[in-house]
Novice: 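Sharing a structure, written as C-alpha cells. Questions coming.
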Amino acid sequence: MTSKNYQPKPEHKFTFGLWTVGNRGRDPFGDATRPTLPPIKIVKELSRLGAYGVNLHDNDLVPIDATRQERDATVREFKKALADHGMKVPMATTNLFYDPVFKDGAFTSNDPRVRLYALQKTMRSMDLGAELGAHIYVFWGGREGAEVDAAKDPREALKWNREALNFLCEYSIDQGYDYKFALEAKPNEPRGDIYLPTTGAMLGFIATLDHPEMVGVNPEVGHEQMSGLNFYHVVAQAIEAGKLFHIDLNDQKGPRFDQDLRFGSESIKNLFFLVKLLEESYDGPRHFDAHSYRSEDEAGVWDFAAGCMRNYLILKDKARQFNEDAEIQSLLSEIRSTEADDGVPIGCYSRERADEIKSRSMDRTELAKKQLPYERLDQLTVDILLGVR
Ligand code: DIG
Ligand code: MN
Ligand code: MN
C-alpha cells in the first residue's frame with residue numbers, strides 16, 4: 001500500500017493530550033529544550049495532521065492560580081479554536097501531581113485537608129471537561145504512593161482512594177455529566193511505589209466501588225511494560241471484562257523508567273497484536289500519551305505526532321494482511337480444531353456432566369501428540385511485519 005493510505009483522518013479517532021506534544025523536553029536531569037506550545041496552536045497543528053481531538057489536564061489549559069474571569073476567557077478562546085479546526089475533547093483529567101501540595105499524594109495524602117483540596121480540584125476539573133464535551137474522565141494517581149511504608153497503611157490509602165472515587169461518581173451523576181471514569185495504573189515514578197500499580201490491580205479495585213459500572217481502566221503501554229507485562233494480554237483482559245474505557249498508547253524499551261516513546265517505535269510485534277485487538281473490539285479514542293525525544297525541536301514534535309498515527313495505521317494494515325493470509329488462517333484452524341467428539345466444551349456444571357467427565361477414558365500420551373506449528377505461524381507473522389510477505 002502506498003504511504004497515502006497511512007494518512008490519519010478524524011474517523012481514526014486519534015487524540016493527543018495537550019501535555020504530550022506540549023512536552024518541553026524537561027527531565028529529572030535537564031531543563032526544557034523547547035519553548036511552550038500554546039494550546040490553540042496544538043489544536044491547529046494536530047488538526048492539520050489528521051487527528052480527531054485533544055485531551056487535557058485542567059492546568060494544561062487553565063493555570064492553577066487563574067481567576068474565574070481568566071478561566072472563562074481561556075475556555076472561550078479554546079472552544080473557538082476547537083470549533084474552527086473541527087477538533088473534539090473526548091477525555092479530561094486532573095493534574096493531581098505537579099503542585100507541591102500533592103507531595104505526599106492527593107486522594108491518599110496523610111493530610112485530610114489535602115485530600116479535600118484534591119476533591120475540590122477534581123470536581124472543578126470535571127466541570128471544565130464537561131464544558132468542553134468530554135465523556136471520559138481519567139484518574140492517574142501519579143502521587144498516590146509511598147517511599148516510606150512506615151508512614152502510611154496501604155489499606156487506609158485504598159479506603160481514602162475509594163472514598164474520593166465514590167464521591168466523584170455521585171458528583172458526576174448529580175451533575176448529569178454521564179462520565180465514564182477510567183483508572184490509569186503505573187507501578188512507580190514519580191513515587192517510589194504507586195498504589196494500584198497495574199491495570200489488573202485496578203480491575204480488582206473497581207469491583208469494590210459503589211458504582212463499578214461507571215468505572216473502567218485506561219491502560220498505558222509503557223506503564224505495564226515497566227512491570228515486564230505483556231500489554232496485549234493486559235488490554236485483552238480489560239476488554240473481556242468490558243472495562244476498556246480509554247487507552248494510552250505509546251512505547252517503551254522494556255522495564256525501565258517511563259519513556260513515553262512514539263507509538264510503534266520499539267515493541268513492534270506486541271503493538272501489532274494490540275492494534276489487531278483494538279480494531280476488532282474497541283471503538284474509543286486512540287490516545288497517544290507520549291512525547292518526542294528531548295533532542296527534538298518543534299518540527300520534530302510534529303514528526304513525532306505524525307509518526308504515532310502512521311505507525312498505528314501501518315500496524316492496522318498489517319493486521320488486515322494477517323487476517324487475509326490463507327496460510328496463516330489455515331494454520332490457525334489446524335491449531336484450534338480437534339478431532340475430539342462434541343464432549344470438548346466443558347459447559348455448565350451438573351452432577352451428570354461431572355460424572356461423565358470423570359468416567360471418560362482419555363489417553364494423555366495420545367493428546368500430547370498434537371502438532372503445534374507455532375514456529376511457522378510466528379515466522380509468517382514476522383514476515384508480514386518485516387514487509388517481505
Ligand atoms: C501519565 O501517563 C498520565 C498523565 O499524563 C495523565 O493524567 C494520564 C492521562 O492519559 N496519563
Ligand atoms: Mn507514561
Ligand atoms: Mn498516561
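Atoms within each ligand, like the ligands themselves, are counted from 1 in listed order. Below, each value reflects all heavy atoms present in this structure, side chains not excepted, and no hydrogens, waters or symmetry copies.
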Novice: With a 4.0 angstrom cut-off on heavy atoms, strictly below it, pick out the residues next to ligand 1 and order them by chain and number.
Specialist: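 Residues within 4.0 Å of ligand 1: W19, H57, M91, T93, V138, W140, E184, N218, E220, H223, D248, H287, D289.
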Novice: Any salt bridge linking E279 with R320? Criterion: basic side-chain nitrogen under 4.0 Å from a carboxylate oxygen.
Specialist: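 R320 and E279: not salt-bridged.
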Novice: Would a line drawn from the ring center of F322 to the ring center of F272 be shorter than 6.0 Å?
Specialist: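 Judged by ring-centre distance (under 6.0 Å), F322 and F272 do meet the cut-off.
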Novice: Identify which protein N/O/S atoms are less than 2.8 Å from the Mn ion (ligand 3).
Specialist: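 As for protein N, O or S atoms lying under 2.8 Å from the Mn ion (ligand 3), they are E184 OE2, E220 OE1, D248 OD2, D289 OD2.
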Novice: If I take atom NZ from residue K243 and atom CD1 from residue I206, how far apart are they, to the nearest 0.5 angstrom?
Specialist: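 Reported value, rounded in 0.5 Å steps: 5.5 Å.
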Novice: Report yes or no: do T365 and D363 form a side-chain donor-acceptor pair below 3.5 Å?
Specialist: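 Judged by distance alone, the side chains do pair up.
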Novice: Do Y293 and F304 have ring centres separated by under 6.0 Å?
Specialist: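 Between F304 and Y293, which both carry aromatic rings, the centre distance is not below 6.0 Å.
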Novice: For the Mn ion (ligand 2), find the closest N/O/S atom on D258 and give its atom name.
Specialist: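 Looking only at N, O and S atoms of D258, the one nearest the Mn ion (ligand 2) is named OD2.
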Novice: Parallel, tilted or perpendicular, judged at 30° and 60°: which one describes the rings of Y177 and Y179?
Specialist: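 Perpendicular: the ring planes of Y177 and Y179 meet at over 60°.
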Novice: Counting distance only, does the side-chain N/O of R262 pair as donor-acceptor with the main-chain N or O of H291 below 3.5 Å?
Specialist: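 Side chain of R262 to backbone of H291: no pair is present.
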Novice: In terms of side-chain geometry, is the basic nitrogen of R191 or D104 positioned less than 4.0 Å from the acidic oxygen of its partner?
Specialist: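 D104 and R191: salt-bridged.
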Novice: Are K180 and F245 in a cation-pi setup, meaning NZ or CZ lies under 6.0 angstrom from the ring centre and within 45 degrees of the ring axis?
Specialist: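 Cation-pi check for K180 and F245: passes.
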Novice: Can a salt bridge be assigned to the pair E220 and K186 using a cut-off of 4.0 Å between side-chain N and carboxylate O?
Specialist: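 No.
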